[in-house]
Amino acid sequence: MHSPQRIRFAKGAAALAAASSLALLAGCTSAPAEGGGSTGASGEDGKFVIGFEQPLGGQAWREMGLASLQALAATPEYADKVELKIVRTNDNDAAQQNAAMQNLIADGVDLILFDPASSSGADAAITQATAQGIPVIANGGPYDSEDVYIVSTDWANAGTIGADWLLENLGDNKNIAVLEGLAGVPLNEGSMPGVISTLEGGGAKVVAQDTNGWNEATAQEAMSNILRSNPDIGGVYSFLTGGQGVPEAFKAAGLPFVPVVGGSGYNGEACTLADNASAGLKGNMVFGQPAIYAKGLEQAVKLLEGEEIEKEQYYEPLQITEENAADFCLPDKPNNFQLGYDFPGLDLTLDEVLAFYSGS
């Protein structure tokens, strides 16, 4: 765990909108906090009331993150301590997120967890929370405020981890194709310059570029287009998606596999690696576990119980390669089933998380 250079999220400019659905989950009792930043447990039967604000519902990664958060809250260790208030807003809208967080403050929560929609769009809510002694934890990505704790994947290094792996696994053919994620999205824009610099600095030659749109079908189509005009590719770097689509493009073109970086943590990516390793496929699926949300809850409870926690916590992304893919592949689950439902040290089981998972 360390603190790398932070990714700068773009500032939201959308108009203020009301928060959407509010889901309430109950745990069972505990003693009030003796320290931390809260004035004490304020929920039913003395439970800590913890708000969670998520700015983009419906995406598999975030759905799994919420499921892991709720699964941890339902375990015996937490069920007698925690009451969750989960608020979901739309379209990664920073103004909506800020309004939703202010609503949570008005509801009397003891602490707020939020997955940042931008680097500063929730400043007003954070200032209000700080003034009232309510701790705030950015959970899932970083946030630029000294008043905010951070429990996040080390996104700043996620891109270059894959780039380093590709350089180590390239053969004599140094020609590579690069598929960025979704152009204009801060995570993509903040990571890709470092990726390209690492690849070219390590001797790779980028001969083709396109986008994967963070969608496996789009990654496959983009790779197929590249291979039609430039089949002499020795490796592929696809940012946070493509672990299934890119190999499928090579198979469809009748070309031998090349080393591929590209993963968003979908089951189909792990199974593609497992199923094709014997045919020569080498790959590295680098992604942040959605269960970082559950890790945020663990840290929130520690803080409310009076423990000191590290102000900025950045965790390495998970790497799934052809060597360990069989351990992650779930043959009975669909390709778009999101992996990363557990986090080191939490020991959540698939069945526990599936009880709350509403995705495919």
Side-chain angles (χ1 to χ4, degrees), residues 4 7 153-183 187-216 218-220 222-227 230-251 253 255-266 268-288 316-325 328 339:
I7 298 171
T153 298
D154 183 356
W155 294 116
N157 286 339
T160 52
I161 286 172
D164 288 336
W165 180 92
L166 184 58
L167 290 171
E168 293 172 3
N169 285 275
L170 284 177
D172 294 333
N173 184 353
K174 307 298 183 183
N175 294 335
I176 66 169
V178 172
L179 303 180
E180 64 175 321
L182 199 58
L187 175 58
N188 182 78
E189 301 304 309
S191 299
M192 287 309 299
V195 167
I196 297 296
S197 176
T198 298
L199 290 169
E200 292 182 338
K205 181 179 180 181
V206 179
V207 297
Q209 289 185 255
D210 206 332
T211 61
N212 60 40
W214 287 333
N215 180 284
E216 290 295 335
T218 303
Q220 183 173 346
M223 194 69 239
S224 296
N225 291 337
I226 289 172
L227 292 175
N230 193 343
D232 185 29
I233 298 292
V236 179
Y237 181 97
S238 184
F239 185 50
L240 294 182
T241 295
Q244 181 179 2
V246 170
E248 288 296 332
F250 276 84
K251 286 176 67 175
L255 295 171
F257 291 123
V258 300
V260 175
V261 171
S264 49
Y266 286 134
E269 295 168 336
C271 293
T272 294
L273 280 174
D275 294 343
N276 292 283
S278 61
L281 177 61
K282 298 185 68 175
N284 192 351
M285 178 168 60
V286 185
F287 70 103
E316 291 294 328
L318 183 64
Q319 298 183 60
I320 299 178
T321 72
E322 72 282 357
E323 296 178 354
N324 65 359
F328 289 91
L339 303 176

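Note that the coordinates shown come from a computational prediction; the quantities given were computed from them, not determined experimentally.
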Please report the interatomic distance CG(Asn284) to OH(Tyr237), rounded to the nearest 0.5 Å.
9.5 Å
Which heavy atom in Ala274 sits nearest to a heavy atom in Ala325, and how many Å separate them?
N-CB, 3.7 Å
Can you measure from CG (Asp210) to OG (Ser238) and round to the nearest 0.5 angstrom?
9.5 Å
Does any non-hydrogen side-chain atom of Val236 lie less than 4.5 Å from one of Phe250?
yes
side-chain contact (heavy atoms from CB on, under 4.5 Å) test vs Glu248 passes for just one of Glu216, Gln220, Met223, namely Gln220
What is the minimum heavy-atom distance between Leu281 and Thr272, and which atoms define it?
CD2-O, 3.7 Å
Flag, side chain of Glu322 to backbone of Gly283, donor-acceptor distance under 3.5 Å
yes
Between Trp214 and Phe239 (side chain of the first, backbone of the second, donor and acceptor by atom type, cut-off under 3.5 Å), is there such a pair?
yes
Kindly compute the distance separating CG (Leu240) from CD (Glu180), expressed to the nearest 0.5 Å.
11.5 Å
Heavy-atom closest pair (Lys282 atom, Leu273 atom, distance to 0.1 Å) is C-CD2, 4.3 Å
Nearest 0.5 Å, what's the CD-OH distance between Gln244 and Tyr266?
10.5 Å
Measuring only between side-chain heavy atoms, which start at C-beta, is Ile226 closer than 4.5 Å to Leu179?
yes
Please tabulate, one pair per line, all N/O donor-acceptor pairs under 3.5 Å involving side-chain atoms of residues 194-202, not counting sequence neighbours.
unit_1	atom_1	unit_2	atom_2	d
Thr198	OG1	Gly194	O	2.8

Would you say the side-chain atoms of Asn324 pair up with the backbone N or O of Thr321, donor to acceptor, closer than 3.5 Å?
yes
How long is the straight-line distance from CG of Leu339 back to CE of Met285, given to the nearest 0.5 Å?
6.0 Å
For Lys174, I'd like to know if atom NZ has over 12 heavy atoms of other residues, nucleotides or ligands within 6.0 Å.
yes
Determine the minimum heavy-atom distance between Leu170 and Ala204, stating which atoms define it.
CD1-CB, 4.1 Å
In Å and rounded to the nearest 0.5 Å, what is the CD1 to CG distance from Ile161 to Asp154?
6.5 Å
Write down the atom of Ala253, the atom of Leu227, and the distance for their closest heavy-atom approach.
CB-CD1, 4.3 Å
Show the nearest heavy-atom pair for residues Asn175 and Val207, with the distance to one decimal.
OD1-CG1, 3.6 Å
